[in-house]
Amino acid sequence: MCVSMHPAEFSGTTLYAGRRRHPEHGLVHVLGYRNTAANRADGPNAMLLHLPARGMTQANFLDVGDSTDVLDRMVDAVRPRSVAAGGMAAMDWMGGDGGRVEVFEHDIYTVMLAADPTDLPAALGRVPAHKRPALNPELMRFYAERYPGHALAVCCFDNASAAQAKPLLMWYEPLDPEVLVAPALDAHTGRPPGMVGKVPVDHWVLFGSDESPALWGEPVEYGPGMRHGLRAFLPDRVVGRRYEGLLPNGDFAVRHEDLLTSGTAEVRRVPQPVR
């Protein structure tokens with residue numbers, strides 16, 4: 001699961017989407033993302049994540065520090081004890097940037113963060129040459145037309161560091177506080193995602209909320225050395241499951257009230273933004 005700027009392979013994908021009332025930032029959504037990348041391009045590459053977020057900056061990207069197993073611990077919480085990993089079946093679901101692009105270093109990535117994908121080409125020169133991919137204008141148009149109002153994070157990497165990334169964790173003010181979205185578009189060829197037919201998936205998708213009722217989901221045991229600032233964005237309990245097989249291309253989404261009453265039963269694969 002991922003969209004890449006040029007040919008690549010991604011495996012071991014885990015997605016987390018959560019809602020939390022943070023003591024400083026108020027009601028926020030939190031996204032966690034992790035995979036193992038194998039770059040199939042001759043030069044630098046990038047993975048693209050569209051985010052239903054308002055006003056994102058570098059400050060919204062969280063440093064996991066030594067807590068590199070944070071998403072693994074969430075998966076361990078929900079993994080069925082009697083089923084080996086991989087034993088669950090899939091659901092059968094239907095010009096100039098003018099300073100508007102932030103470019104910054106985060107773990108192995110140089111991240112280009114934009115509210116409008118059409119601003120990205122003018123900012124590309126701020127990416128170090130060894131991690132600077134050629135931008136596909138078709139991809140930029142795809143995101144601008146299909147996901148208006150979304151932030152777009154272009155995470156640039158080079159061949160040497162492709163498989164060494166820590167999990168990505170970020171928080172943001174959501175476009176719709178009542179809908180949790182885990183971005184899961186799939187396209188590994190460097191071209192815009194195909195939205196007709198189905199694509200193969202094999203990943204864990206997890207959700208959390210600090211408004212969950214008692215005994216909802218499963219408790220997560222985090223490492224004792226986790227920093228307090230990171231822990232403040234993370235859930236005490238999660239629900240989730242592994243999805244395999246063929247599904248329509250798109251994101252995973254669920255209304256917050258449905259998540260609290262039905263767990264993952266109401267999670268849907270959606271081909272376009274939820275209005």
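In this structure, the side chain of R269 engages the main chain of P248 through a donor-acceptor pair within 3.5 Å. Listed for the N60 side chain is a donor-acceptor partner under 3.5 Å among the backbone atoms of W171. Judged by distance alone, the side chain of R73 and the main-chain N or O of V220 form no donor-acceptor pair under 3.5 Å. Side chain of D107 to backbone of Y109: no donor-acceptor contact under 3.5 angstrom is found. A distance-only check finds a donor-acceptor pair linking the side chain of R231 to the backbone of L234 [under 3.5 Å]. Judged purely by atom type and a 3.5 angstrom limit, R237 uses its side chain to pair as donor or acceptor with the backbone of G217. Distance alone, capped at 3.5 Å, is enough to place a donor-acceptor pair between the R126 side chain and the V101 backbone. The main-chain N or O of R141 is never found under 3.5 Å from a side-chain atom of R146 such that the two would form a donor-acceptor pair.
Here the side chains of L51 and L152 are not in contact, with every heavy-atom distance at 4.5 Å or above. A heavy-atom distance below 4.5 Å is not found between the side chains of P219 and D236. Looking at heavy atoms from C-beta onward, V154 lies in side-chain contact with M5 at the 4.5 angstrom threshold. For the pair M74 and Y222, the minimum side-chain heavy-atom distance is below 4.5 Å. Using a 4.5 Å heavy-atom threshold, the side chains of L230 and V70 count as separate. With contacts defined as side-chain heavy-atom distances shorter than 4.5 Å, the pair Y33/M47 qualifies. Counting only heavy atoms from C-beta outward, the side chains of L139 and P193 approach each other to under 4.5 Å. Between V199 and L246, the closest side-chain pair of non-hydrogen atoms is not below 4.5 Å.
Salt bridge present: R79 and D76 bring a charged side-chain N and a carboxylate O closer than 4.0 Å. A salt bridge between R191 and E138 is present, with a side-chain N of the basic residue lying under 4.0 Å from a carboxylate O of the acidic one. Salt-bridge annotation for R40 and E9: present, with a side-chain N of the basic residue lying under 4.0 Å from a carboxylate O of the acidic one. A salt bridge is absent between K131 and D158: the closest approach of a Lys/Arg side-chain nitrogen to an acidic carboxylate oxygen does not fall below 4.0 angstrom. Ion pair D66/R227 not flagged as a salt bridge, since none of the NZ, NE, NH1 or NH2 atoms sits closer than 4.0 Å to an Asp/Glu carboxylate oxygen.
For the atom pair R19 CZ and L259 CG, the distance stands at 10.0 Å (nearest 0.5 Å). Going from atom OG1 of T189 over to atom CG of N136 covers 8.5 Å, rounded to the nearest 0.5 Å. Here the OG1-CD distance, from T57 to E102, works out to 5.0 Å after rounding to the nearest 0.5 Å. Expressed to the nearest 0.5 Å, how far CG of D210 lies from CG of L27 amounts to 8.0 Å. To the nearest 0.5 Å, atoms NE2 (H188) and SG (C2) are separated by 6.0 Å. Distance check: L135 CG to M140 CE gives 5.5 Å after rounding to the nearest 0.5 Å.
Here F104 and F61 bring their ring centres to under 6.0 angstrom of each other.
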Stepwise side-chain contact (heavy atoms from CB on, under 4.5 Å) test for C155 and L168 | CA-CA 10 Å; C155 304; L168 283 170; 4.1 Å; yes
I would like to know whether Y172 and H25 meet side-chain contact (heavy atoms from CB on, under 4.5 Å); could you show each step before the answer?
-> CA-CA 9 Å; Y172 50 84; H25 305 295; over 6 Å; no
Give the C-alpha distance, both sets of side-chain angles, the deciding distance and a yes or no for side-chain contact (heavy atoms from CB on, under 4.5 Å) between F207 and V238.
-> CA-CA 6 Å; F207 295 91; V238 294; over 6 Å; no
Verify side-chain contact (heavy atoms from CB on, under 4.5 Å) between M195 and Q272, making sure each step is shown before the conclusion.
-> CA-CA 9 Å; M195 305 307 295; Q272 59 190 16; over 6 Å; no
Kindly determine whether F252 and Y243 satisfy ring pair (Phe, Tyr, Trp, His ring centres under 6.0 Å), including the steps that lead there.
-> CA-CA 11 Å; F252 293 95; Y243 297 94; 5.0 Å; yes
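For R241 and T264, the side-chain atoms include no donor-acceptor pair closer than 3.5 Å. Side-chain polar atoms of H106 and D63 form no donor-acceptor pair below 3.5 angstrom. No side-chain N or O of H203 forms a donor-acceptor pair with one of T14 less than 3.5 Å apart.
Counting all heavy atoms, side chain and backbone alike, V181 lies closest to A253 at CG2-CB, 4.2 Å. When all heavy atoms of C156 and P133 are compared, the closest pair comes out as SG-CD, 3.7 Å. The shortest heavy-atom contact between N249 and G194 is ND2-O, 3.0 Å. What you find for N39 and P7 is that their closest heavy atoms are OD1-O, 3.5 Å. Residues N45 and H6 come closest through the heavy atom pair OD1-N, 2.9 Å. The nearest pair of heavy atoms linking P167 to V64 is O-CG1, 3.9 Å.
Under the 6.0 Å distance and 45° angle rule, R20 does not count as a cation-pi partner of F233.
Note: F10 and F157 have perpendicular aromatic rings, judged against thresholds of 30 and 60 degrees for the angle between ring planes. Note: Y147 and H150 have perpendicular aromatic rings, judged against thresholds of 30 and 60 degrees for the angle between ring planes.
M56 and L175 are members of different hydrophobic clusters when ILVMFWY side chains are connected at heavy-atom separations under 4.5 Å.
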